[in-house]
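Report on the following structure.
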Amino acid sequence: MFVRQILFAAATLTALAGCDGMAPDPVRPDSAVEFPLPDRPVSAVVSNQFSNEDARDERGEAQQVMDLANISAGMTVADIGAGEGYYTVRLAERVGTDGRVLAQDIDRDALDRLGTRVERERLQNISIKLGEADDPNLPVDSFDRIFLVHMYHEVTEPYAFLWRMWPAMAEGGQIIVVDVDRPTNRHGIPPALLFCEFEAVGYKLVEFVERPDLKSYFARFERGDDRSEPESIKACSNG
């Protein structure tokens, strides 16, 4: 009976942890160990399957975010954490035939579904790439904009991830973050913590806009003068 009670208690704690939306402690890739772990919980990755694209379009989410990010024809854009492509396909339409969109995710199944969608909709200006937890695997000197929409709080190795994203930006390139002001284990990130983590790597904040109509905020970053050396990066406090 005593053993059964212990097992029941352990199962209950596991279930509660899952309900809290917190990812389990990660097994760090060898390529990330020179960077600090974030001093905060990391949200568990939620399903990449969207059933609410029409609802998002009704409030003009993608169009407004693309307007804020100054997306125009001919640009090259990366959509990180693309899932099944809500932003990917809309970015592809906006940049047009002279532009390019790279859709990246760490979920191979989601990318397979996105590939099927791209073929079905005959979108010729989209390419798809598998990323890693600590490395977006982006080509160097390539992107006018890199989109991180409602996904940054799920990155388990944010300092390594942001450090390796740096070379992918073209001259004058920008990183666009859309997220929610709430604790990171509730699928958001407080703006001050977001700013600190980007600045720790060497980025500078150039714009921040709260958008209650989109139930999100919009932040724009550029590269600063220098990228921090991995050993000099200090994890930002979540206090």
Side-chain angles (χ1 to χ4, degrees), residues 28-38 65-66 68-83 85 87-92 94-108 110-111 114-115 118 123-149 151-152 154-179 194-207 219-233:
R28 303 193 74 190
D30 291 341
S31 54
V33 294
E34 62 182 324
F35 297 89
L37 274 170
V65 169
M66 289 189 294
L68 286 167
N70 308 119
I71 302 300
S72 59
M75 279 187 164
T76 301
V77 183
D79 181 18
I80 308 300
Y87 271 88
T88 300
V89 300
R90 288 156 180 80
L91 285 165
R94 177 71 72 95
V95 302
T97 56
D98 292 331
R100 296 291 301 174
V101 178
L102 174 64
Q104 184 262 38
D105 207 293
I106 62 172
D107 185 335
R108 192 182 298 272
L111 291 182
L114 176 55
V118 168
L123 301 171
Q124 302 297 320
N125 60 346
I126 294 174
S127 55
I128 296 173
K129 189 175 183 64
L130 184 69
E132 300 173 34
D134 65 328
D135 190 346
N137 288 329
L138 301 178
V140 173
D141 297 330
S142 297
F143 297 101
D144 302 302
R145 299 288 185 274
I146 298 175
F147 272 52
L148 309 176
V149 180
M151 60 75 62
Y152 179 73
E154 297 176 352
V155 178
T156 57
E157 297 285 352
Y159 299 105
F161 182 86
L162 293 175
W163 195 87
R164 294 188 171 116
M165 187 179 292
W166 181 288
M169 299 171 69
E171 185 69 26
Q174 298 175 336
I175 298 176
I176 304 300
V177 179
V178 177
D179 222 308
L194 176 76
F195 304 160
C196 181
E197 292 187 352
F198 270 74
E199 289 168 2
V201 176
Y203 295 95
K204 61 181 180 181
L205 176 71
V206 294
E207 184 181 14
R220 187 197 306 262
F221 296 89
E222 294 178 351
R223 288 184 296 202
D225 294 333
D226 296 292
R227 179 172 56 164
S228 302
E229 294 299 326
E231 64 271 14
S232 71
I233 298 172

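Hydrogens, waters and symmetry mates are skipped; everything else that's a heavy atom, side chains included, is used.
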[X] side chain vs [Y] backbone, donor-acceptor pair below 3.5 Å:
{"X": "D105", "Y": "A82", "value": "yes"}
{"X": "R227", "Y": "R164", "value": "no"}
{"X": "D79", "Y": "T88", "value": "yes"}
{"X": "R100", "Y": "V77", "value": "no"}
{"X": "S232", "Y": "P230", "value": "no"}
{"X": "S228", "Y": "A200", "value": "yes"}
{"X": "R220", "Y": "V206", "value": "no"}
{"X": "Y203", "Y": "W166", "value": "yes"}

For residues [X] and [Y], report the shortest heavy-atom separation together with the two atoms involved.
{"X": "E197", "Y": "L162", "result": "O-CD1, 4.0 Å"}
{"X": "T156", "Y": "P38", "result": "O-CD, 3.6 Å"}
{"X": "N137", "Y": "D135", "result": "N-OD1, 2.8 Å"}
{"X": "Q104", "Y": "E132", "result": "NE2-N, 4.4 Å"}

>> Using ring centroids (six-membered ring only for Trp), state whether F198 and Y152 fall under 6.0 Å.
In response: yes
Using a strict threshold of under 4.0 Å (side-chain N to carboxylate O), is an ion pair present between E157 and R28?
yes
Between the CZ atom in R223 and the CD atom in E171, the distance rounded to the nearest 0.5 Å is 6.5 Å
